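Notes follow the structure.
Because the structure is predicted, anything quoted here is derived from the model rather than measured. Below, chains carry the letters A, B, ... as their sequence lines are ordered, and counting in each starts from 1.
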Number of protein chains: 2
Amino acid sequence: MDSTAETTDGYQAWSEVTPDAARRLLVAAVEAFAERGYHATTTRDIAGRAGMSPAALYIHYKTKEELLHRISRIGHDKALEILETAASAPAAAAERLDAAVRSFVRWHAAHHTTARVVQYELDALAPEHRSEIVALRRRSDAAVRRILSEGVRAGEFDVPDVPGTTLAVLSLCIDVARWFNVDGRRTPDEVGALYADLVLRMVGARPAAGTAPKR
Amino acid sequence: MDSTAETTDGYQAWSEVTPDAARRLLVAAVEAFAERGYHATTTRDIAGRAGMSPAALYIHYKTKEELLHRISRIGHDKALEILETAASAPAAAAERLDAAVRSFVRWHAAHHTTARVVQYELDALAPEHRSEIVALRRRSDAAVRRILSEGVRAGEFDVPDVPGTTLAVLSLCIDVARWFNVDGRRTPDEVGALYADLVLRMVGARPAAGTAPKR
DNA sequence: CCGGAGGGTGAGCAAGCGCTTAGGAACCGC
DNA sequence: GCGGTTCCTAAGCGCTTGCTCACCCTCCGG
């Protein structure tokens with residue numbers, strides 16, 4: 001049970017999930033969904049990873065989809081918090097964009113198993129859960145767009161197409177969850193730094209002062 | 001059967017798939033896999049979309065996985081051809097990078113159902129098929145990296161981390177398949193132009209002459 | 001010592017899955 | 001008209017799936 005020290009997601013999060021057994025099941029589900037995908041994962045597999053019988057799952061969750069919903073909700077809350085915190089800091093647009101991309105990417109890399117479930121299993125949610133999550137995602141989009149348009153207005157950025165560039169920036173960050181750690185040569189911090197630099201170039205800003213661009 | 005004029009993939013491709021019924025099944029499988037994912041798609045669903053009985057599928061394909069393999073192989077061949085053609089053109093690095101991103105993105109947008117299967121269902125392939133496909137993907141990576149390193153050597157680009165930037169460029173393009181056409185406000189050509197501009201900025205090049213950056 | 005509540009299990013149900021098999025319709029050269 | 005080939009179907013087999021149910025452990029206040 002404690003054998004897999006591998007899982008980067010044995011982190012302090014999920015602390016809000018309260019009966020201990022419920023949390024173990026949820027962590028097991030995150031691993032299984034990330035590895036094989038939601039539909040390819042069986043409830044027996046999840047229960048087995050948590051060291052329980054298949055029936056135990058249904059004491060804590062009504063359905064397999066409820067598990068996915070809980071994971072997706074908590075993950076989106078965390079990702080959104082990261083972006084909105086960076087977006088509303090009292091700093092220049094370039095600095096805020098650097099922080100947003102850096103921390104957002106770092107989260108996607110460090111918790112790539114969770115992020116993979118969060119970002120790529122949206123369609124498996126029940127319609128009402130899906131629309132709840134989609135609303136959160138629109139706020140992520142708004143946070144990034146706000147930084148970009150404020151940077152343009154302040155003359156810091158040169159961005160011909162703000163909505164399109166917003167989409168591209170988020171897309172670039174999100175896709176980190178797909179490829180990260182297949183054979184990890186980079187740390188989450190390194191990927192965050194690289195991506196922050198690339199995004200600042202995309203919007204026509206010089207790298208933020210103080211954050212050495214490592215040549 | 002001819003009811004879904006929606007499918008952007010009723011294009012001349014798949015022409016190499018020859019009994020007509022086999023092609024209809026394959027097109028049906030692309031649609032179903034793209035909509036619901038490989039594991040959530042049933043063989044009955046595929047056969048139904050193609051207007052056939054469930055058993056008909058097994059006349060033309062040995063397993064459901066063989067269908068996925070054929071789709072993945074043909075799609076990767078096409079994507080790779082696009083990249084390698086652009087990479088080996090007799091032109092400056094900036095111009096080749098522009099062409100590569102533009103055409104690669106355009107393909108992912110125009111054929112986003114196919115691209116989604118190609119890019120996001122890799123793990124559903126049998127091990128031997130997976131490694132065959134992974135080899136093709138390494139060649140895509142090599143094609144982009146070649147453009148970047150040649151551009152750096154020629155003094156056209158300013159790229160501190162060539163492998164990392166290669167990864168980011170490909171990642172950015174590939175992720176188009178995930179978000180495109182959820183509510184299509186942009187044409188594949190427009191997305192291609194936008195992304196080509198963004199990537200040229202990422203590598204520190206001015207937009208290629210002749211391709212107006214649309215302000 | 002007891003009763004009940006919360007957390008767990010073994011066995012299994014109905015439904016749906018990938019895939020097979022026996023057979024038949026349509027077309028072919030002869 | 002006939003045998004052969006090609007393409008397809010109706011029926012269904014064996015298995016797995018998500019989920020349920022009857023029952024059984026502790027543990028704990030009185």
Do the side-chain N or O atoms of B:H60 get closer than 4.0 angstrom to the phosphate oxygens (OP1, OP2) of D:dC8? yes
Round to the nearest Å and state the distance from A:M52 atom CE to D:dC25 atom C1'. 15 Å
Should A:Y58 be listed as having a side-chain N or O under 4.0 Å from OP1 or OP2 of D:dC19? yes
Please examine the side chains of A:Y38 and A:V117, heavy atoms only from C-beta on, and report whether any two atoms are closer than 4.5 Å. no
Between D:dT9, D:dC19, C:dT9, which one does the side chain of A:P54 approach most closely? D:dC19
Residues A:R49, A:E35: salt bridge by 4.0 Å N-O rule: yes
In terms of the nearest nucleotide of DNA chain D, which residue is placed more toward the 5' end: A:T63 or B:A22? B:A22
Base C:dG16 paired with B:R44 side chain (donor-acceptor, <3.5 Å): no
Calculate the interatomic distance between B:E66 atom CD and C:dC19 atom P; express it in whole Å. 10 Å
In whole Å, what is the span from the CG atom of A:L57 to the P atom of D:dT17? 14 Å
Any ion pair linking A:D189 and A:R102 (charged N to carboxylate O, less than 4.0 Å)? no
Below 3.5 Å, can you tabulate the donor-acceptor pairs from side chains in residues 162-171 of chain A to any protein atom, sequence neighbours excluded?
| unit_1 | atom_1 | unit_2 | atom_2 | d |
| --- | --- | --- | --- | --- |
| A:T165 | OG1 | A:D161 | O | 2.7 |
| A:T166 | OG1 | A:V162 | O | 2.8 |
| A:S171 | OG | B:D175 | OD2 | 2.6 |

Could you give the CG-to-C1' distance, from A:L68 to D:dG18, as a whole number of Å? 15 Å
Mind calculating the distance between NZ (B:K64) and P (C:dC17) to the nearest angstrom? 9 Å
B:H39 atom NE2 is separated from D:dT17 atom P, nearest whole Å, by 12 Å
Check the phosphate of C:dG8 against A:S53, side-chain N and O only, distance under 4.0 Å to OP1 or OP2. Yes or no? no
May I have the distance from B:I46 (atom CD1) to D:dC8 (atom P), rounded to whole angstrom? 16 Å
How close or far is atom C1' of D:dT9 from atom CD1 of B:I59, stated in whole angstroms? 8 Å
Which nucleotide sits closest to the side chain of A:T42: C:dC19, D:dC8, D:dG18? D:dG18
Ranking B:P19 and B:A55 by the position along DNA chain D of their nearest nucleotide, the one closer to 5' is B:P19
Of the options B:K62, B:H69, B:R70, which is the one that meets B:E66 in a side-chain hydrogen bond (donor to acceptor under 3.5 Å, both in side chains)? B:R70
